[in-house]
2 protein chains.
Amino acid sequence: MIRDAERTRRRLLEAATAEFAELGIAGARVNRIAEVAGCNKAMLYAYYGSKDQLFDAVFTTHVGDFLDRVRFDAADLPGYAGRLFDYFEANPAAQRLAVWYRLERPTSSRLDAVVEVNRVRLDELARAQSDGLLPAHYTPAALLALVQSISTAWSSMNPEYDLVAPPDVERRRAAVVDAVRRLTA
Amino acid sequence: MIRDAERTRRRLLEAATAEFAELGIAGARVNRIAEVAGCNKAMLYAYYGSKDQLFDAVFTTHVGDFLDRVRFDAADLPGYAGRLFDYFEANPAAQRLAVWYRLERPTSSRLDAVVEVNRVRLDELARAQSDGLLPAHYTPAALLALVQSISTAWSSMNPEYDLVAPPDVERRRAAVVDAVRRLTA
DNA sequence: ACCTTCTAACCGACTGGTTGGTTATTTCCA
DNA sequence: TGGAAATAACCAACCAGTCGGTTAGAAGGT
């Protein structure tokens with residue numbers, strides 16, 4: 001096997017993504033991550049420092065990927081909701097990572113990038129409202145929370161839900177887009 | 001200290017609720033639970049069998065409490081959304097437990113009580129629709145998911161959100177109720 | 001083309017401490 | 001006095017993290 005530091009780094013990150021998405025920080029096992037990545041555990045510590053820092057590397061990578069791929073448009077919130085729905089439908093691991101992050105890293109220093117994105121989006125929503133592109137019966141903060149939660153409505157349902165209401169992705173997507181359209185009509 | 005099996009059981013359940021709500025199943029420590037409950041770890045195993053079974057006891061207890069306290073009304077979904085919002089605002093631990101359950105117990109046997117409640121509510125929504133008490137542009141399954149996610153919109157936001165949009169409980173509650181009203185108008 | 005030197009990449013084996021879970025024994029009340 | 005309640009002490013397995021040492025392969029001189 002030829003030596004390739006970048007490849008080893010990447011394989012560790014991929015293995016860690018799968019492990020953390022499935023089991024969270026407390027449930028993840030560094031031995032398993034190294035084993036799946038096909039390298040020694042010591043490399044994990046050489047490249048990422050600690051289990052927690054490895055999680056942070058995984059998470060910030062996925063935040064970046066999310067911001068690159070899902071365009072925000074304050075003037076077309078139903079469209080944004082649809083893209084959000086599609087992204088999490090295609091990347092269930094990304095959503096699980098976000099939830100683990102919320103549950104298991106409450107006191108950690110917040111990600112400046114996320115704070116900044118929130119701020120920019122609230123500004124865009126306020127501008128769209130004053131430009132008349134968006135009704136003003138909700139505050140920008142409320143709009144952001146509502147759109148985000150509606151877009152992820154089904155993936156945050158209890159696991160028993162699917163037994164009673166079998167999944168129908170297209171119908172769900174339509175309901176999400178339509179709900180946001182009604183709220184911004 | 002007088003001996004009281006029921007009291008010990010209860011204190012263990014209370015300590016376990018706090019521990020599991022904060023740290024999840026994998027992060028919880030049985031030693032700490034026993035210590036906080038003020039009793040020996042062996043009592044935990046005598047009464048609840050294992051760490052996982054203790055979590056199940058905690059969770060089913062909270063599901064029962066939730067169903068007792070938050071009345072469902074298919075003909076008044078905005079009212080239900082308000083009560084849901086209030087409940088989780090007053091019991092943040094309950095919501096965290098529900099999220100841990102979803103993340104950490106994916107393959108476990110589903111709770112029959114929850115499956116049954118889902119079924120009953122979908123039936124009630126369908127009946128309210130055919131009785132003309134509720135518009136029919138969303139399926140009962142969509143309504144359930146939308147109302148549930150809107151009611152918990154703020155508590156499922158990323159932790160960075162509050163830095164940019166400082167909490168205002170009354171305003172948030174009003175937005176939740178209003179959003180559900182708009183969707184069911 | 002060949003040998004030497006140097007370094008980053010890599011690994012097996014280990015450690016101190018912690019984990020969920022058990023058992024032998026004692027304490028207390030009906 | 002018998003049985004339930006409670007405990008201290010214990011255990012094997014596992015955990016995150018470390019360390020001394022090995023090796024592939026690039027660099028550089030001749």
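So that the names make sense, note that chain A is the first sequence line, chain B the second, and so on, each numbered from 1.
- Both the sub-6.0 Å distance and the 45° axial angle are satisfied by B:Arg9 relative to the ring of B:Tyr48.
- If you check every strand for non-hydrogen atoms under 4.0 Å, B:Ala34 touches nothing.
- Between A:Thr8 and the phosphate of C:dC10, there is a side-chain N or O to OP1/OP2 separation shorter than 4.0 Å.
- Residue B:Tyr47 places at least one side-chain N or O closer than 4.0 Å to OP1 or OP2 of D:dA6.
- Distance, B:Arg7 CZ to D:dA4 C1': 17 Å, rounded to whole Å.
- Listed pair A:Asn40 / C:dG12 meets the phosphate criterion, a side-chain N or O lying under 4.0 Å from OP1 or OP2.
- With C:dG20, D:dT7, C:dC11 as the choices, the nucleotide that has an atom nearest any side-chain atom of B:Ala42 turns out to be D:dT7.
- In the set D:dA16, C:dG20, D:dA5, D:dA5 carries the atom at the smallest distance from any side-chain atom of B:Arg3.
- One N or O donor and one acceptor, one from the side chain of A:Lys41 and one from the base of D:dG17, sit under 3.5 Å apart.
- Put simply, the side chain of B:Asp4 and the base of D:dA5 share no donor and acceptor less than 3.5 Å apart.
- B:Tyr45 places its OH atom 16 Å from the P atom of D:dT7, with the value rounded to the nearest Å.
- Separating the CD atom of A:Glu35 from the C1' atom of C:dG12 is a distance of 15 Å, rounded to the nearest angstrom.
- Here the side chain of A:Lys51 is nearest to one of C:dT23, D:dA16, C:dT27, namely D:dA16.
- At a threshold of 4.0 angstrom between heavy atoms, the contacts of A:Ala5 are confined to the sugar-phosphate backbone, with no base atom among them.
- Side-chain contact check for B:Tyr80 versus B:Arg71: every heavy-atom pair is 4.5 Å or farther apart.
- Taking 4.0 angstrom as the limit, B:Arg29 places a side-chain polar atom (N or O) nearer than this to OP1 or OP2 of C:dG20.
- The closest side-chain donor-acceptor pair between A:Thr17 and A:Glu14, if any, does not fall under 3.5 angstrom.
- Cation-pi geometry between B:Arg182 and A:Tyr138 is satisfied (NZ or CZ under 6.0 Å from the ring centre, within 45° of the ring normal).
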